[in-house]
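Working notes, beginning with the structure itself.
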There are 2 protein chains.
Amino acid sequence: MNELDIGEVARRAGVTASTLRFYEEKGLIASRGRRGLRRLFDAEVIERLALIALGRTAGFSLDEIGRMFGADGQPRIERGKLSAKAEELDRTIKRLSALRDGLRHAAACPAPSHMECPTFRRILSSAGSGALRPLAARKPRRLISKGGDRTTNGKD
Amino acid sequence: MNELDIGEVARRAGVTASTLRFYEEKGLIASRGRRGLRRLFDAEVIERLALIALGRTAGFSLDEIGRMFGADGQPRIERGKLSAKAEELDRTIKRLSALRDGLRHAAACPAPSHMECPTFRRILSSAGSGALRPLAARKPRRLISKGGDRTTNGKD
DNA sequence: CCTTGACCTCAAGCCAACTTGAAGTGGCAA
DNA sequence: TTGCCACTTCAAGTTGGCTTGAGGTCAAGG
């Protein structure tokens, strides 16, 4: 059977049902139809959701991702955009690497207080000047609510 | 003169005055006192702001950062926390690197549509499984409002 | 027949980290 | 002395990406 109900999709894609409804509302995914009230998705949606996850991971907003699919559903991702993102990502990676090294140093640093450690101060100034935007400290998605849509990933 | 008014601090630290008031309210920074209504900061606050920026960059929330300063103002950053963050950062970097390579490949890939490219599909599945949280796509701070607190960085 | 439970809708809520707006104050140069 | 305008306060708004809640529908199993 190629028709998945929302719970099944949720389970397979690792998102909640409400997220799926939200994505549908935003036009990021579509259901093949309904059986009664219930949405039926076909299995391709899983792939699409992976694509969406990929886009999110790369730092695209949902709106941007939405614009990347043609009306037909084909992912019409412009290659230029991809490489632009790749380069942006590369810059981010470089900064993060420097930061990681700095943190490691500071963690191992023998100076009594971090402020007395020259390396730490150096990171400090580069962090100040660098326009690196914070990594999202998104709240770690709740895995379980009490009733109803328990179609969450997690213990299932 | 060691006493900076809020505008000066804002300019030097590259944040808006409202951000500084907000940070003060949250207890992340403190002003040395007031001249009339106006806050006076001493120059050390710049360093502190750099520290805050560093923390943000590393993915700490403002609350977490707040907890890192002792009541005295000394940055009591636990080294364990630093290295934990460093390792977290390292994992993020690894994922981002894979993603970057994937994007580069997809950009250069000769397959007619991305979905037909095996490499792309591979990235897709790893992005799906990986719990990499999206990089913040924070809105690119507005540099200028019309009046009042124009103490923003930017054209200055 | 009745309950259960997975689904449905729609509106509202949440979170962090700020920003914006309205209305007021006061330091300082001319 | 005057007037400018950078400052002040406080409350409310914004953004993105969902989540939560109330109240409802429906198919299947006991």
Worksheet entry | Integer-rounded Å distance: C:dG5 C1' and A:Asp5 CG | 12 Å
Worksheet entry | Any residue meeting side chain to side chain contact (heavy atoms under 4.5 Å, CB included) with A:Leu82, in chain and number order, not counting sequence neighbours | A:Ile77, B:Leu103, B:Ala106, B:Ala107, B:His114
Item to complete: Give a yes or no on whether the backbone of A:Ser61 and the side-chain of A:Glu64 come within a donor-acceptor separation of less than 3.5 Å.
Response: yes
Discussion item. Output the rounded distance in Å from CG (B:Leu20) to C1' (D:dT9).
Written reply: 16 Å
Practice prompt. Quickly work out the A:Phe22 CZ to C:dC7 C1' distance and round it to whole Å.
Written response: 20 Å
Worksheet item: In whole angstrom, what separates B:Glu25's CD from D:dT8's P?
Response: 13 Å
Item to complete: Give a yes/no answer on whether the side chain of B:Ser18 brings an N or O atom under 4.0 Å of OP1 or OP2 in C:dC18.
Response: no
Discussion item. On DNA chain D, compare the nucleotides closest to A:Leu62 and B:Phe41; which residue's is nearer the 5' end?
Written reply: B:Phe41
Item to complete: Check whether any side-chain nitrogen or oxygen of B:Arg21 sits under 4.0 Å from OP1 or OP2 of D:dA6, and answer yes or no.
Response: no
Item to complete: Could you check how far CD of A:Glu24 sits from P of C:dC7, rounded to whole Å?
Response: 14 Å
Item to complete: For the pair A:Ser83 (side chain) and A:Ala86 (backbone), establish whether a donor and an acceptor sit closer than 3.5 Å, ignoring hydrogens and angles.
Response: no
Worksheet item: With respect to the phosphate group of C:dT19, does any side-chain polar atom (N or O) of B:Thr16 fall under 4.0 Å of OP1 or OP2?
Response: yes
Item to complete: With sequence neighbours excluded, tell me which residues meet salt bridge (Lys or Arg N to Asp or Glu O under 4.0 Å) with B:Arg67.
Response: none
Discussion item. Less than 4.0 angstrom between a side-chain N/O of A:Tyr23 and OP1 or OP2 of D:dG17, yes or no?
Written reply: no
Worksheet item: Given C:dT25, is OP1 or OP2 found less than 4.0 Å from the side-chain N or O atoms of B:Arg34?
Response: no
Discussion item. Which residues pass the side chain to side chain contact (heavy atoms under 4.5 Å, CB included) test with A:Arg38, not counting sequence neighbours?
Written reply: none
Worksheet item: Can you name the side-chain hydrogen bond (donor to acceptor under 3.5 Å, both in side chains) partners of A:Glu47, sequence neighbours left out?
Response: B:Arg121
Worksheet item: Is a donor on one side and an acceptor on the other found under 3.5 Å between the side chain of A:Thr19 and the backbone of A:Val15?
Response: no
Discussion item. If I take atom CG in residue A:Leu4 and atom P in nucleotide C:dA6, what distance separates them, rounded to the nearest angstrom?
Written reply: 17 Å
Practice prompt. Pick base, sugar-phosphate or nothing for A:Asp63, based on heavy-atom distances below 4.0 Å to the nucleic acid.
Written response: nothing
Worksheet, complete the sentence: Contacts of A:Arg91 meeting side-chain hydrogen bond (donor to acceptor under 3.5 Å, both in side chains) (sequence neighbours excluded), chain-then-number -> none
Pairs: protein N or O with nucleotides 26-30 of chain C N or O, under 3.5 Å:
from, atom 1, to, atom 2, distance (Å)
C:dG26, N2, B:Arg38, NH2, 3.4

Item to complete: Mind grabbing the angle between the end helix axes of the helix from C:dC1-D:dG30 to C:dA30-D:dT1? Five pairs an end, 10° rounding.
Response: 20°
Worksheet entry | Interatomic distance where CD belongs to A:Glu64 and P belongs to D:dG16 [whole Å] | 10 Å
Practice prompt. Return the set of residues passing side-chain hydrogen bond (donor to acceptor under 3.5 Å, both in side chains) with A:Lys94 (not counting sequence neighbours), or none when no residue passes.
Written response: A:Asp90
Fill in: With A:Glu44 via salt bridge (Lys or Arg N to Asp or Glu O under 4.0 Å) - residues at least two apart
none
Worksheet entry | Atom-pair distance (CZ on A:Arg39; P on C:dC8), nearest Å | 5 Å
Worksheet item: C:dA17 phosphate, OP1 or OP2: any side-chain N/O from B:Thr19 under 4.0 angstrom?
Response: no
